[in-house]
Amino acid sequence: MVNFDQAPQRTGTRSVKWDLLKSIYGSEEVLPMWVADMDIAVPDSVKNALVDRAEHGIFGYTVTDKAISDSVISWLERRHGWKIKPSWLLYSPGVITSLHMAVQVLTEANDKIMIQTPVYPPFYDLVEMHDRQLVKCPLKLKEGRYEVDFDAFETSLSQGVKALILCNPHNPVGRVWTEEELRKIGQLCLKHNVLIFSDEIHADVVYPGHTHVPIASLSDEINQITITCMSPTKSFNLAGLQVSYLITPDKHKREKIDHFFHKQGIKMINTMGITALEAAYNEGDDWLEQLLRLLDGNRQLVEKAFDNRDEINVIPAEGTYLIWLDCRSLNMSQEELKRFMQEDAKVGLNDGASFGKDGEGFMRINIACPRATVEEGLNRILSALDARKK
């Protein structure tokens, strides 16, 4: 059994989450529960592989060979039932890097690109930084669960949208889109000749009763219009090692993206990232299963903490280790809500408004940490809520 009870000390490691507390929140007393990495050590198999590689002492030019591709292919088939070919793979420093490349290469200036809001903040930059037109199609919050408004979705697509940036599992609302929903999304994109850029970085973090389905796996036709972006970084806490991959069977699209990577001087992945990916995918299944049990327990802890409270409603997460908190019943402005969490509760959460206008009145909390940390964060919020009533 893996011991997830003790978090390694991260202060002094140049951690964004822990070493920037003063500059971001103005106080080092704030408990950081925001940026999407984990306060959990990587599997021993990954650590040992990195140590062995470090002890070799030479870190020259490194290739992604057949062994690496085999690790990815095996992982996707084993974990997600998706059989891909080695020729479909490209490697990249990160999913967002890949999406930036896909937007620049496969769309043109002034093209319309659609996102489903509220959504991961860099999605906005992916569109606007490259002089594309942003089309926002808000998700519907219905009885505590977000859904795709398919009437609005098709209406938007029919107005000349060239590409959809899909987030599955969805960050921040925690939906794991069902096969039926994904099939409908794919069919509508085929109907309106829309490319799909699918961010599936959270694919491995899915809770009981839900199954991640790669949208490209649904049919050959949907696969041909999809660029799937995945990585072991969320699943195994490897974000700082900068390793990810793209999957597309369309040779023309793949070659255009690969050529653009080379134009930007991105010709290889860092040695330690490759090493960690291989170890994680070849030997990390058991560790991941134990992690998912911890995260599921943490998720339930958050839901139970607010069961009998009317100030904050928890949007039940089906996937990711990020929980979306509906704080609208507090009747605070967004600035008041941020100040309440930061100064009164002394917890550092993600500002819901950073995910778009549809995120106003919400906050996002990261539960990828020891159970005691989640309990401490919840106690701080509940105590601040109680103090507010007095």
Side-chain angles (χ1 to χ4, degrees), residues 72-73 76 80-92 95-116 119-120 123 126-127 130 132-137 139 148-170 175-201 203 212-231 244-261:
V72 173
I73 291 166
L76 294 178
H80 304 296
W82 187 20
K83 296 182 181 181
I84 70 166
K85 297 180 180 180
S87 61
W88 297 359
L89 281 166
L90 290 176
Y91 296 92
S92 163
V95 163
I96 292 301
T97 303
S98 300
L99 291 170
H100 273 287
M101 297 296 181
V103 166
Q104 292 178 81
V105 171
L106 301 179
T107 67
E108 303 290 340
N110 296 315
D111 277 354
K112 294 178 178 179
I113 300 180
M114 190 165 81
I115 61 176
Q116 296 169 288
V119 75
Y120 184 47
F123 280 20
L126 283 169
V127 179
H130 304 298
R132 274 57 170 172
Q133 296 184 51
L134 183 66
V135 176
K136 292 179 280 189
C137 186
L139 299 170
V148 177
D149 182 342
F150 279 106
D151 289 336
F153 186 89
E154 182 165 20
T155 297
S156 295
L157 292 186
S158 67
Q159 294 174 352
V161 166
K162 296 297 183 182
L164 164 71
I165 304 177
L166 177 69
C167 194
N168 181 36
H170 193 282
R175 275 302 315 277
V176 175
W177 304 116
T178 65
E179 181 175 337
E180 180 182 3
E181 289 169 317
L182 291 169
R183 194 173 294 280
K184 194 166 184 178
I185 288 171
Q187 289 170 344
L188 288 172
C189 287
L190 285 168
K191 177 181 175 181
H192 294 281
N193 196 28
V194 174
L195 294 171
I196 301 171
F197 303 149
S198 190
D199 175 354
E200 303 189 16
I201 196 169
H212 175 75
V213 178
I215 191 169
S217 71
L218 293 176
S219 72
D220 289 340
E221 293 78 13
I222 294 173
N223 197 6
Q224 290 294 326
I225 64 167
T226 302
I227 308 297
T228 303
C229 301
M230 305 179 88
S231 171
S244 76
Y245 49 92
L246 302 81
I247 306 162
T248 182
D250 186 286
K251 183 179 179 181
H252 178 65
K253 294 185 184 72
R254 192 171 61 248
E255 288 181 346
K256 286 184 72 173
I257 294 171
D258 191 37
H259 178 67
F260 198 72
F261 269 121

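Scanning both residues, Leu157 and Cys189, for their nearest heavy atoms gives CD1-N, 4.1 Å. Heavy-atom minimum distance, Val95 versus Ser244: N-OG, 3.5 Å. In plain terms, the two heavy atoms of Ile196 and Gly186 that are nearest each other are CD1-CA, 4.2 Å. Leu76 and Ile247 make their closest contact through CD1-CD1, 3.6 Å (heavy atoms, listed as atom of the first residue, atom of the second, distance).
Here Asp151 contributes atom CG and Cys137 contributes atom SG; the two are 10.0 Å apart, rounded to the nearest 0.5 Å. Cys229 contributes atom SG, which lies 9.5 Å from atom CD1 of Ile165 (distance to the nearest 0.5 angstrom). A distance of 4.0 Å separates CD1 of Ile225 from CG of Leu190, quoted to the nearest 0.5 Å. For the atom pair SG of Cys167 and CZ of Phe123, the computed distance is 4.0 Å after rounding to the nearest 0.5 Å. Gln104 CD to Leu126 CG: the interatomic distance, rounded to the nearest 0.5 Å, is 9.5 Å.
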Evaluation steps, side chain to side chain contact (heavy atoms under 4.5 Å, CB included), between Met101 and Leu246:
CA-CA 11 Å; Met101 297 296 181; Leu246 302 81; 6.0 Å; no

Would you check, one step at a time, whether the test side chain to side chain contact (heavy atoms under 4.5 Å, CB included) holds for Leu89 with Ile84?
CA-CA 9 Å; Leu89 281 166; Ile84 70 166; 4.0 Å; yes

Please walk me through it: do His130 and His100 pass side chain to side chain contact (heavy atoms under 4.5 Å, CB included)?
CA-CA 8 Å; His130 304 298; His100 273 287; 2.7 Å; yes

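Within 6.0 Å of NZ in Lys112 there are more than 12 heavy atoms belonging to other residues, nucleotides or ligands.
At least one donor-acceptor pair closer than 3.5 Å links the side chain of Asn168 to the backbone N or O of Trp177. In terms of modelled atom types and a separation under 3.5 Å, the side chain of His170 and the main chain of Gln116 share a donor-acceptor contact. A donor-acceptor pair is defined here as one N or O able to donate and one able to accept, closer than 3.5 Å; no such pair exists between the side chain of Lys256 and the backbone of Lys251.
The side chain to side chain donor-acceptor pair (under 3.5 Å) pairs that include a residue from residues 80-90 are His80-Asp204, where partners are two or more places apart or lie in different chains. Residue pairs satisfying the side chain to side chain donor-acceptor pair (under 3.5 Å) criterion with at least one member in residues 180-190, sequence neighbours excluded, are listed as follows: Arg175-Glu181, Thr178-Glu181, Glu179-Arg183.
Salt bridge status for Lys191 with Glu154: present, with a side-chain N to carboxylate O gap under 4.0 Å.
You'll find the side chain of Lys162 stays beyond 4.5 Å of the side chain of Arg132, heavy atoms only. Annotation: side chain of Leu90 is not in contact with side chain of Tyr245 (no heavy-atom distance under 4.5 Å). At a threshold of 4.5 Å between non-hydrogen side-chain atoms, the residues Thr228 and Asp199 do not count as touching. Gln133 has its side chain out of reach of Val127: every pair of non-hydrogen atoms, C-beta onward, lies at least 4.5 Å apart. No side-chain heavy atom of Ile113 sits less than 4.5 Å from a side-chain heavy atom of Leu134. Using a 4.5 Å heavy-atom threshold, the side chains of Leu164 and Leu195 count as separate. Thr226 has its side chain out of reach of Phe197: every pair of non-hydrogen atoms, C-beta onward, lies at least 4.5 Å apart. With a 4.5 Å cut-off on side-chain heavy atoms, Tyr120 and Ile115 do not count as touching.
In summary, the side chains of Ser98 and Ser92 do present a donor paired with an acceptor at a separation below 3.5 Å, with no hydrogens or angles considered. His212 and Glu200 form a side-chain donor-acceptor contact under 3.5 Å, judged by distance and modelled atom types alone.
Not counting sequence neighbours, the partners of Thr248 by the side-chain contact (heavy atoms from CB on, under 4.5 Å) test are Ile227, Asp250, Arg254.
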